[in-house]
Every structure is written in C-alpha cells, then in structure tokens.
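Notes to accompany the following structure.
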Amino acid sequence: METPTPESAVPSSSATGVPCSSLLAVEDEVAEMTLTVKWSGKEYTVRVCGDDSVAELKRRICELTNVLPKRQKLLYPRIANKFADDSLILSQFNLKPSIKMTMIGTVEDDIFIDQLDSPEIVDDLELGQDEVVDVKDKNVNKQKLQRRISQYKIKLRNPCRDGKKLLVLDIDYTLFDHRSPAENPLELMRPYLHEFMSAVYAEYDIIVWSATSMKWVELKMGQLGVLNNPNYKITALLDHLAMITVQTDSHGTFDCKPLGLIWANFPRFYSSTNTIMFDDLRRNFVMNPQNGLIIRPFRKAHLNRSTDQELAKLTQYLLAIAELSDFSSLNHRNWESYTEDSSKRRRHS
Ligand code: MG
C-alpha cells in the first residue's frame with residue numbers, strides 16, 4: 001500500500017511535540033496532527049502524524065487513558081466505522097483539529113479475562129527476503145522508529161552490564177502458555193525457565209518485551225518469579241507501546257518489535273552485533289530479521305510441559321554463540337545444528 005499524500009493533514013508547531021519527519025526524504029514528509037479526544041468526561045491531546053495508522057492512534061490514546069487499543073471505539077463525524085480498521089492511514093480521514101473525537105472504552109480491571117478473550121494469532125507470516133529488506137529499509141518505517149525512540153521511555157530495572165550480550169524475550173507462547181486455563185500461573189510456565197535465565201544471565205543482559213500492556217507484563221513476570229529471582233536480574237520490561245506498525249504489500253499492516261529502539265537507548269552496550277531476540281511470531285522481527293530466533297510456541301501446557309525441552313536446548317545455543325564477538329554472520333534458523341556441531345567440535349578437540 002502506498003502512503004497517501006497528506007492533503008488533509010494539518011501542520012502544527014514542531015515545538016509542541018516530536019517532529020514527524022526527521023532528515024529523511026522529503027517525499028515521505030507528512031504533517032503532524034494534534035487531535036482532541038474526549039473520554040470519560042475529560043479531554044486529551046493526542047499528537048499523531050498523517051502516515052500513522054489507526055492502530056498507532058489507538059496506541060497513543062492508550063498511553064493517555066490506559067484503555068487498551070482493542071477496547072477503544074472511536075467516534076468522529078461521518079467516519080466512525082472506519083476506525084474499526086486498524087490498518088487505515090490517518091491522512092485518509094480528513095481529520096480536523098477543531099473537531100473533537102470521542103472514545104468509548106473501559107480500562108481493564110480483569111486482565112486475565114482480557115487475555116483469554118483476545119483473538120489468538122496462530123498464522124505467522126513468511127515474508128520473502130526482498131520484502132523483509134524492503135520493510136526495514138523503508139523511510140516511512142525508519143521515521144516511525146525514530147518517533148518511537150523519542151516517545152518511549154525505557155525504565156531500567158537493573159543497570160546494563162559492560163561486556164554482556166543482549167537477549168530479548170517475548171512472553172506469550174515463548175515463556176508462558178497464556179491460553180490454557182490453570183489455577184496457578186506456574187502450571188503454564190515453560191519448563192526450565194528459571195534454569196535457562198540463570199544460565200544465560202552469565203553472558204547476557206535480559207530484556208522482556210511483550211505485545212501486551214505493562215500491567216500484564218509486570219504481573220505475569222512477577223507471578224512466575226522472574227522479577228525477584230536471586231540467580232538473575234531483568235534489565236528492563238517493554239510493552240506494546242514500544243512497538244511500531246508497519247505495512248507490507250503482501251501481508252498488510254501489523255505490529256512489530258524494532259530492536260533499534262533498544263539500541264538507540266543504550267548504544268554503549270547493545271547493537272545489532274550482540275543482540276538476539278526470541279519470539280514465536282516471525283513478524284515481530286521484521287525490522288531486524290537477522291537478530292530474531294523463532295522459538296517453537298509453548299502451547300497446551302498441561303499436555304506439553306513434561307516434554308518441552310526448548311529452553312534447555314536454547315541455553316546451549318546461547319552459551320555457544322556467546323563466545324563470538326559478533327552475531328552478524330549467524331543464521332538463527334540453523335540454531336539446532338549449530339549446537340550439535342559445536343558439541344561435536346568439543347568432543348573431537
Ligand atoms: Mg508470543
């Protein structure tokens with residue numbers, strides 16, 4: 001999908017917020033819009049750009065109101081229904097700063113119910129190599145990343161450590177089966193989680209990044225005993241607000257986790273050469289495909305928790321590659337054979 005020209009976008013002073021376009025190509029320039037959103041008797045000012053999607057607008061509103069994007073219904077004269085499509089681009093809407101938008105939605109009080117009734121993402125995309133390169137190199141996506149870098153504040157729970165690599169971990173289906181019912185969340189924890197974390201902590205700083213709200217991330221990690229474990233420390237937690245929305249020709253619009261956000265925040269410690277990220281969804285890596293490792297999803301915990309070995313095996317891989325000074329030449333799709341080869345090498349030496 002082409003980015004439409006922002007004929008309807010209303011420019012506003014860049015002093016009021018983050019400039020939409022940095023020094024990148026002029027043709028991709030889009031104007032910033034300041035919108036007023038009414039919710040629950042109060043008015044909120046939201047700054048977005050013409051090339052932002054509806055999903056991004058809802059994320060901005062979520063930052064101010066804590067109403068999750070999927071719970072928001074946006075009303076605006078004559079165009080209310082179109083806000084149901086998260087992939088649409090705001091410059092198509094002819095939004096005017098003088099007209100107020102109304103949001104209807106409630107803050108979650110029961111995030112467990114929220115998790116269980118959210119639609120399950122099962123089909124992952126397999127983008128062609130050319131298209132992956134295209135997504136990460138598109139100016140519009142680089143600009144979105146720049147905006148996210150200026151807007152999202154990463155809160156360090158523990159200091160970055162000199163000389164350590166960086167491991168970024170997804171939660172749902174990677175460390176935890178969030179869809180199975182259980183009396184105690186520990187029943188849904190992926191086997192070997194703490195052993196894995198403790199072992200790799202020797203070589204890696206650990207950041208947890210989930211496409212859910214921070215409330216859920218903190219609660220879940222706390223319940224599993226990840227946040228106060230005596231054997232390892234978590235450097236930071238990131239949530240869905242740190243993600244960006246990208247468009248592809250073949251797979252439409254979706255959210256992803258751009259590692260550039262972390263690298264820009266901690267350039268002295270982390271870069272594309274020493275970072276690896278585990279996620280069960282390939283789409284989350286689209287801005288940094290070489291750094292991603294697709295982990296087998298941990299589903300049906302009650303059935304699989306006696307046999308799932310994924311984290312135990314990945315411990316060996318992470319420790320084996322930690323000897324490298326640069327991860328850039330690794331193909332994480334071959335991680336299982338790498339570990340076998342390196343244990344063979346050890347036996348023969
Ligand atoms: Mg996941």
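Order of listing sets the numbers, starting from 1, for every ligand and every atom in it. Just so we're clear, the structure is a prediction, and the values are computed from it rather than from any experiment.
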Give the ring-plane orientation class for F83 versus Y76, where under 30° counts as parallel, over 60° as perpendicular and anything between as tilted.
perpendicular
Would you call the rings of Y338 and Y317 parallel, tilted or perpendicular if under 30° counts as parallel and over 60° as perpendicular?
perpendicular
Need the atom name: nearest N/O/S atom of D280 to the Mg ion (ligand 1).
OD1
Among the N, O or S atoms that D170 has, which is closest to the Mg ion (ligand 1)?
OD2
If I take every N, O or S atom of D172, is at least one of them less than 2.8 Å from the Mg ion (ligand 1)?
yes
For residues S213 and D239, is any side-chain donor paired with an opposing acceptor at under 3.5 Å?
no
Kindly confirm or rule out a cation-pi arrangement of R161 over F269, judged by NZ or CZ under 6.0 Å from the six-membered ring centre and within 45° of its axis?
no
